[in-house]
Amino acid sequence: MSMLERMNKARLAILASGRGTNAVRLIEASKEGFFPAEVAAVISDVKDAPVLAKAKELGVEALHLEPGPKKTYLVPEVEKEWVRVLKEYRVDYILLAGFMRVLKRAFFESFANRIINIHPSLLPSFRGLDAQSQALDFGVKVSGATVHFVDDSLDSGPIIMQEPVEVREDDTVHTLSKRILEAEHRIYPEAVKLLVEGRLEIKGRKVKILKEEHGR
Ligand code: GAR
């Protein structure tokens, strides 16, 4: 990396499908200078997703891209178009924040080890949809939030950071989700900071967190 590149901030894209509280938290964290990166674009597969309006309000470029014919993933031609747009925005890292589709090949060809996700459970428990209800139904005493690298399977890549959240006897999906979301908002900016500072080393399934002086 050249001196000039080093001086430039990393550029992030947030991919989101819904209400966007994590996206907002990450945009705020970048504006506060919590990590040396800026949000170059927020992209949604859902035309009227609230996250798009919220990003615009915060002065961040927000766009809807057509998701194509499938519900749970983007077909290869569509993925290629999304990757083209991400490159046009000169994106370095992709942050999934409530993006409800599994990514496939084109993303990993262009952004290998540069895509991360937040999930509302302590992975590998309760992958997929409605992780908070799954936790309640199973009767676990502790659930939580996980930030992990993304691979081509569902909620399965190497884990960067987790925060446990106690499950209380009187919890409903609403109350548990609320406390998990608070944990998400704490750990996602922390994980992004480590990522953009170059302090995450992936070895197989394990992610080693390097001390500050080893980062880029
Ligand atoms: C968050 O709880 C996030 O962890 C979850 O969607 C919610 C999005 O909320 N993601 C997944 O379940 C991915 N498997 P937000 O739009 O307010 O950030």
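Just follow the structure's listing: the first ligand is 1, and inside any ligand the first atom is 1.
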Item to complete: Within a distance under 4.0 Å of any heavy atom of Asp155, pick out the atoms of ligand 1 and give their elements.
Response: 14 (N)
Worksheet entry | Side-chain heavy-atom pair Val85, Val91 within 4.5 angstrom cut-off | no
Worksheet item: Would you say Met100 contacts ligand 1, with heavy atoms under 4.0 Å as the rule?
Response: yes
Fill in: Proximity winner for atom 18 (O) of ligand 1, if only heavy atoms of Val102, Leu26, Asn22 are counted
Asn22
Worksheet item: Is any side-chain heavy atom of Leu74 closer than 4.5 Å to a side-chain heavy atom of Phe107?
Response: yes
Worksheet item: Do the side chains of Val83 and Phe111 get nearer than 4.5 Å, heavy atoms only?
Response: yes
Discussion item. So Val78 and Tyr73, do their side chains get closer than 4.5 Å, heavy atoms only?
Written reply: no
Practice prompt. Assess Pro120 for proximity to ligand 1: is some non-hydrogen atom of it under 4.0 Å away?
Written response: yes
Practice prompt. List the closest protein heavy-atom neighbour of atom 16 (O) of ligand 1: residue, atom name, distance to the nearest 0.1 Å.
Written response: Gly20 N, 2.7 Å
Item to complete: Could you tell me whether some N/O pair between Thr21 and ligand 1 is separated by less than 3.5 angstrom?
Response: yes
Discussion item. Under a plain distance cut-off of 3.5 Å, with no hydrogens placed, do Thr146 and Gln162 share a side-chain donor-acceptor pair?
Written reply: yes
Discussion item. Can you report which non-hydrogen protein atom sits closest to atom 10 (N) of ligand 1, along with the distance?
Written reply: Ile118 O, 3.7 Å
Item to complete: Within a distance under 4.0 Å of any heavy atom of Glu184, pick out the atoms of ligand 1 and give their elements.
Response: 1 (C), 2 (O), 3 (C), 4 (O)
Worksheet item: If you count the atoms of ligand 1 from 1 in the order shown, which ones are under 4.0 Å from a heavy atom of Gly98?
Response: 6 (O), 8 (C), 10 (N)
Item to complete: For atom 9 (O) of ligand 1, find the nearest protein heavy atom and state the residue, atom name and distance (0.1 Å precision).
Response: Arg19 NH2, 3.2 Å
Worksheet item: Are Leu195 and Ile116 side-chain neighbours, meaning at least one heavy-atom pair lies under 4.5 Å?
Response: yes
Practice prompt. Treat each ILVMFWY residue as a node, draw an edge where side-chain heavy atoms are under 4.5 Å apart, and state whether Leu103 and Ile118 are in one component.
Written response: no
Response to the item:
re atom 14 (N) of ligand 1, the protein heavy-atom contact at minimum distance is His119 ND1, 3.0 Å
